[in-house]
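To start, the structure itself, in structure tokens.
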2 protein chains.
Amino acid sequence: MPKTKRDPSESDRTRQVVNHIRELLERGELRPGDKIPPERDLAKALKISRASLRTGIGYLAAMGVLNVRHGVGTFIHDGPAEFSKASLGFMSTLHGFQSWQMFEARRIIESSLAAMAAERSNDEHHVLLAEQVAEMFSIADDPAEFLKHDVQFHRTIAQASGNPILAALIETITSAMYEDRLKTVSRAHYLRKMAEMHRDIYRAIRSRDAAEAQKQMERHLQVAEDEQKSEVPPQRPQHPRSGQKRATTSSPEMPATHSATASAEGAGPESAQEANIPVQ
Amino acid sequence: MPKTKRDPSESDRTRQVVNHIRELLERGELRPGDKIPPERDLAKALKISRASLRTGIGYLAAMGVLNVRHGVGTFIHDGPAEFSKASLGFMSTLHGFQSWQMFEARRIIESSLAAMAAERSNDEHHVLLAEQVAEMFSIADDPAEFLKHDVQFHRTIAQASGNPILAALIETITSAMYEDRLKTVSRAHYLRKMAEMHRDIYRAIRSRDAAEAQKQMERHLQVAEDEQKSEVPPQRPQHPRSGQKRATTSSPEMPATHSATASAEGAGPESAQEANIPVQ
DNA sequence: TGTATGCTAGTGGTCAGACCTTTGAATTCC
DNA sequence: GGAATTCAAAGGTCTGACCACTAGCATACA
């Protein structure tokens with residue numbers, strides 16, 4: 001498997017910390033949810049300054065391996081595998097990702113996931129999926145609550161697919177889309193339709209019809225995309241970022257079903273304040 | 001698009017730095033390849049200590065946004081979008097990813113990419129692809145060199161697909177597999193066969209036959225997988241990570257090409273609490 | 001008795017400033 | 001001209017003090 005290439009951004013001390021944690025992880029002495037020693041202790045044990053240790057911890061936290069809680073401690077990340085949430089956001093502003101591209105990526109990966117789930121899922125998965133579908137039908141008035149089950153439904157399929165890597169990728173993408181989805185999931189008739197589509201997907205998986213599961217999932221996501229586009233059409237245009245270096249200037253318009261819709265991603269609520277630093 | 005959820009691992013100062021950089025990026029004042037001000041200057045400008053600034057920089061570097069070079073400076077990452085190389089490696093040890101799963105993920109995504117490339121590529125892409133194929137045929141004795149063109153070929157397809165997100169995902173996966181591939185690409189007859197398959201893929205894309213491109217790509221990756229498995233059969237045993245949370249530890253072997261092993265992980269409550277681990 | 005309040009130990013967050021190491025390029029010497 | 005030297009810039013590390021947040025415990029109050 002991937003034997004972690006040495007990333008240049010890891011300096012000696014940082015790498016020392018990273019390797020230390022990885023070893024403990026590989027040796028099974030540290031598992032998801034576990035707490036690592038206090039910074040002061042660990043720094044002393046590794047014979048490095050607390051500052052350096054913190055650099056390493058920060059690195060691991062950025063990658064989603066560690067979970068730091070002020071006043072409490074630092075823990076090994078526990079939960080579904082996924083890349084750092086912020087990373088996709090940054091890649092987005094850095095490379096000009098667009099909304100339709102996220103939907104497309106999701107459609108492609110998740111429809112495959114559904115097909116795989118149809119072949120590899122077990123009864124336990126079926127039960128979980130059925131439960132989520134049932135919940136979706138019963139809750140037709142609380143968008144936020146509905147979305148929660150929606151997410152869980154898709155997450156279950158990802159898990160049932162037996163491929164945690166693809167599951168992690170889709171988890172990353174969907175979590176990045178979460179906020180926008182919250183705004184979208186609203187109208188009652190829409191929720192009803194969504195519930196029905198999920199049910200259809202569930203049925204296909206349950207009956208181990210991979211092709212059908214894939215098809216239904218694709219249809220479902222296409223509808224979801226169309227719905228969202230119709231609800232949240234206005235988007236702040238992307239930076240032209242006039243490419244000078246063989247820029248990846250993808251054509252702004254794409255074929256049929258997808259119409260480009262640059263994403264906003266405004267500086268959220270809190271966001272920025274002070275400082276206009278003249279970056280040379 | 002992704003409204004960067006507030007990541008708990010970002011403390012105030014760190015977030016301040018991150019936001020600052022993001023703003024400059026969004027405002028177009030910073031672009032890939034650009035150098036950011038020296039730490040001492042930037043720290044003063046942001047009115048924070050250099051230590052805190054470094055935390056933020058480390059965070060961004062871990063996410064692959066910044067590229068820090070000792071004695072030179074810190075730059076905005078330049079090059080194909082991808083997630084931090086190390087991240088996949090960590091997720092691997094953290095969630096027990098397996099080799100066949102990486103191949104499977106690659107097969108699924110990249111075959112779709114090929115299909116998309118067939119529909120969206122332009123002449124420029126075709127030229128690049130043709131060049132790489134030609135190089136592959138001419139270089140039949142230098143595995144390392146061959147692999148370089150191989151990588152470039154696939155990267156071009158990813159770019160031609162018009163979906164940078166999927167391109168980034170595949171970039172992440174392939175870079176994680178790079179080392180193992182270096183060991184594999186060796187036998188001359190194998191290189192020859194590879195070159196031919198790449199040529200077939202190219203032809204399909206060139207003739208805009210999406211279905212064929214997808215099929216050829218899938219076949220190509222399947223062959224590559226089989227080849228590698230036959231050469232590097234010994235797999236480092238995975239941690240049993242005895243699932244206590246309804247881990248669906250199915251039998252390690254599965255139908256034909258895939259063997260499913262459901263991942264543990266439960267969306268459920270945190271469960272496992274503290275427990276000070278004696279991390280040596 | 002039960003709840004509210006306040007204190008405190010533990011742990012991460014920030015700061016300041018000195019010193020070390022690596023780079024890259026200008027300078028000097030042969 | 002080319003090689004060795006010098007030097008300034010910029011990142012890397014260290015120390016140790018102090019701040020801030022959490023959770024749990026003890027005390028006070030109703």
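Protein chains get the first letters and strands the later ones, always in sequence-line order, with residue 1 at the start of each. All values reported here derive from a predicted model rather than from experimental measurement.
Put simply, OH on A:Tyr59 is 13 Å from P on D:dG12, counting in whole angstrom units. In this structure, A:Asp41 places its CG atom 13 Å from C1' of C:dG12, rounding to the nearest Å. Look at CG on A:Leu42: it is 13 Å from C1' on C:dG12, rounded to the nearest Å. Atom P of nucleotide D:dG11 and atom CZ of B:Arg54 are separated by 8 Å, given to the nearest angstrom. To the nearest angstrom, P of C:dT21 lies 17 Å from CZ of A:Arg15. Atom CD1 in B:Ile57 sits roughly 16 Å away from atom C1' in C:dT14 (whole-Å rounding). In this structure, CG of B:Asn67 is placed 16 Å from P of D:dA10, rounded to the nearest angstrom. Regarding B:Lys35, its NZ atom lies at a distance of 15 Å from the P atom of C:dT23, rounded to whole Å.
Side-chain atoms of A:Leu60 and B:Phe90, non-hydrogen and from C-beta on, do get closer than 4.5 Å to each other. With contacts defined as side-chain heavy-atom distances shorter than 4.5 Å, the pair A:His154/A:Thr174 does not qualify.
Of the side-chain N and O atoms in B:Lys47, none sit less than 4.0 angstrom from OP1 or OP2 of C:dC15. Within the structure, a side-chain polar atom (N or O) of A:Thr74 is placed less than 4.0 Å from OP1 or OP2 of C:dG12. One finds no side-chain N or O of B:Thr55 lying less than 4.0 angstrom from the OP1 or OP2 phosphate oxygen of C:dT14. For D:dG12, neither phosphate oxygen OP1 nor OP2 lies less than 4.0 angstrom from any side-chain nitrogen or oxygen of A:Thr14. In this model, the phosphate group of D:dG12 is not approached by any side-chain N or O of B:Arg50 to a distance below 4.0 Å at OP1 or OP2.
For B:Pro38, the listed nucleotide lying nearest its side chain is D:dA10; candidates were C:dC15, D:dA10, D:dT13. Nearest to the side-chain atoms of B:Glu39 among the listed nucleotides C:dA16, C:dG12, D:dG12 stands D:dG12. Relative to the side chain of A:Ile48, the nucleotides C:dG12, D:dC14, D:dG12 differ in distance, and D:dC14 lies closest.
Scanning atom types as modelled, one donor and one acceptor separated by under 3.5 angstrom connect the side chain of A:Arg40 and the base of C:dG12. Within 3.5 Å, a donor on the side chain of B:His70 pairs with an acceptor on the base of C:dT21, or the reverse.
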Pair B:Asp34-B:Arg31, salt bridge (Lys or Arg N to Asp or Glu O under 4.0 Å): steps then yes or no:
CA-CA 6 Å; B:Asp34 285 350; B:Arg31 302 201 307 164; 5.1 Å; no
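For B:Glu124, the salt bridge (Lys or Arg N to Asp or Glu O under 4.0 Å) test picks out no residue, with sequence neighbours left out. Remark: B:Glu39 engages B:Arg50, B:Arg54 in a salt bridge (Lys or Arg N to Asp or Glu O under 4.0 Å) (not counting sequence neighbours).
Closest-nucleotide positions on DNA chain D for A:Arg13 and B:Val72 were compared, and the one nearer the 5' end corresponds to B:Val72.
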